[in-house]
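In what follows, a single structure is set out as structure tokens and then discussed.
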Amino acid sequence: MCGIVGYIGHRDAYPIIIKGLQRLEYRGYDSAGIALFDGSDINLSKTKGKVEHLKKKAEESMSLKGGLGIGHTRWATHGIPNDENSHPHISNSGDLVIVHNGIIENYESIKKELTKRGYNFHSDTDTEVLVNLIEEVKKKEDVKLGHAVQIALSEVVGAYAIAIIDRNKPDEIVVAKLGSPLAIGVGENEFFIASDASPFIEYTNNAVYLADEEMAIVRLGKEIKLRKIKDDAIAYPNIMELKLNIEEIEKGGYDHFMLKEIYEQPRAILDTYRGRLNVDQGLIKMAGIDDNLERFMNADRIIIVACGTSWHAGLVAEYIFEDLARIPVEVEYASEFRYRNPVITDKDVVIAISQSGETADTLAAIKLAKANGAFVFGVCNVVGSSIARETDAGAYTHAGPEIGVASTKAFTTQITVLTLVALKLAKEKGVFPESKYHEFLIELESIPSKVERALESNALVEIIAEVHKNATNCLYLGRGYNFPVALEGALKLKEISYIHAEGYPAAEMKHGPIALIDQQMPVFVIATKKGHYDKVVSNIQEIKSRKGKIIAIVTEGDSQVKELADHVIEVPETIESLTPLLTTIPLQLLSYHIAVMRGCNVDQPRNLAKSVTVE
Ligand code: F6R
């Protein structure tokens, strides 16, 4: 959600910023803009639409010279997507130019105050208010830009990551962060600013991630000056060496990132358990659990907080934790949890799941849980993300960068990590028979090759997609471990193909959704051999007798469902708890193909953002 890129150094800033904005497109946006200092003044170009459009506009209308600049992709919050509301925003004097990711909640009262003092506004945005507030503070207090930013930010309520430049001080960029991510890439006498490391990873592996309420002055020829916004304390920049490489964030021959990421799952799952799972020794090693075992062993319950696909992974985890480790689990939408005055005690363990590690609601839920004494464990994909830093301990999924907005490999790797945690706790508690435990470890180790086999359904899935690409409504049904997979299948279809879809526990169908079934309605049913197979077969019969079109995900070799369904897609057999890792694969492929056939923008669906940094 909103992307920021900035550069100061000896190269031309323009190509770095444009390419960086393209790398951040996955975050979701509706307009884009750039500001460059050409040696005497700041030139600006911004537009509604894609970065490609901005590139054309900028190349036709402004000087592209200069080694200082900032750029932005905007996901509209205050004010519709149009040229005026796009960033960067310029202050009334024309001196200051800002890009901002986040929301300034008290902008209206600040705007009123500034209007009284003679300021004019040309957009509907909170960001234009912020840049003028900084200008006003700078003039009134007669302070330098860094100091003015600091004072202004102590007056605002909300969330932000900002980068701001001053045409009278073209050797520096001032940046600050609260709630939205911001990284500084540190090169040889050059600095890069970005919402994540993807825009600068080809130039440098060294990065400083700003913490909440930190600001930095990034000045040419100088060390980064980092300080706390509230109390002015000096902080020392912790320069991290990043392991990310450029190939990981490019499409590698696939038409879309989503397809690449679907196919990466065998590798991603393997990377996620590599070094943690030792089948020969019957061991699971996870530092985040080992170091805090007491907290887990003494927990009255586990509360899982997450949003979207990560919440679906949480639902699968609920089944696994209760089934294997016999620990009571509640799964909560982070957005509900944070506002509903939940009962939280210091005997609770809260697990926060987030691919991006930046989801605002999940972050707020974590803060609430910590404030009430709970121990918070994070499951994130993005190293160094806000959630990874905010939690007491955690385990990374090693999925690699997920660029497609629709989450795929994050889901299966989250389930992998959570399965490891559940197995480990089950063993520690002695509640899971040793022989079953060992069988489980062996089976988990075989999952990457089984996912490879599930991916072989692609050609068949494409044929099924062709048949159903014009559906207007779809139903997804599953039971037990595969109920969350039904929810996830429906979410994947809606978000990238814009077809209405509902996921339901198969048995709930009789309590309402069955009324929807007619011969136009495709019903995707997960009917694997393990896990209430006979019950699901009965549900399939109920659909068939109402003439619904049945597409069933079955275990290899199944013959009973084949008799009933219009199409069957086979996945390899596995332990019931691990079936979601396989059954989800054809459903991901199905939504991908349907979306492509409908001409949808698969990697950047409308209105969606990869990283939801506002609530
Ligand atoms: C769906 C999807 C979203 C995210 C949700 C949470 O495909 O990507 O539903 O799962 O926005 O994001 P994270 O996991 O980054 O907290």
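Side chains are part of it too, since the values below use all heavy atoms of this structure and drop only hydrogens, waters and symmetry mates. Just so you know, these numbers come straight off a predicted model, no measurement behind them. Numbering of ligands and ligand atoms starts at 1, following listing order.
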How are the rings of Phe524 and His468 set relative to one another: parallel (under 30°), tilted (30 to 60°) or perpendicular (over 60°)? perpendicular
Consider every N or O of [X] and every N or O of ligand 1, then say whether any pair is closer than 3.5 Å.
| X | result |
| --- | --- |
| Ser354 | yes |
| Lys492 | yes |
| Thr359 | yes |

Between Lys260 and Glu402 (salt bridge meaning N to carboxylate O under 4.0 Å), is one present in this structure? no
For atom 5 (C) of ligand 1, which of Ala334, Ser310, Cys307, Ala410 has the closest heavy atom? Cys307
If you measure from atom 15 (O) of ligand 1 to every heavy atom of Cys380, Ser356, Ala306, Ser591, which option wins on shortest distance?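 Of the listed residues, Ser356 has the closest heavy atom.
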Considering only the protein, which heavy-atom contact is closest to [atom], and what is its distance?
| atom | value |
| --- | --- |
| atom 7 (O) of ligand 1 | Glu495 OE2, 2.6 Å |
| atom 2 (C) of ligand 1 | Thr309 OG1, 3.8 Å |
| atom 11 (O) of ligand 1 | Val612 CG2, 3.9 Å |

Results of side chain to side chain donor-acceptor pair (under 3.5 Å) for Lys492 - residues two or more places apart only: Thr309, Glu488, Glu495
Within 6.0 angstrom of Tyr504 OH, more than 12 heavy atoms from elsewhere: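 12 or below, so no.
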Take His256 and Tyr592, measure what ring pair (Phe, Tyr, Trp, His ring centres under 6.0 Å) needs, and give me the verdict at the end. CA-CA 9 Å; His256 297 95; Tyr592 170 78; 5.4 Å; yes
One residue to check: Val405. Relative to ligand 1, which of side chain, backbone, both or neither has a non-hydrogen atom less than 4.0 Å away? backbone
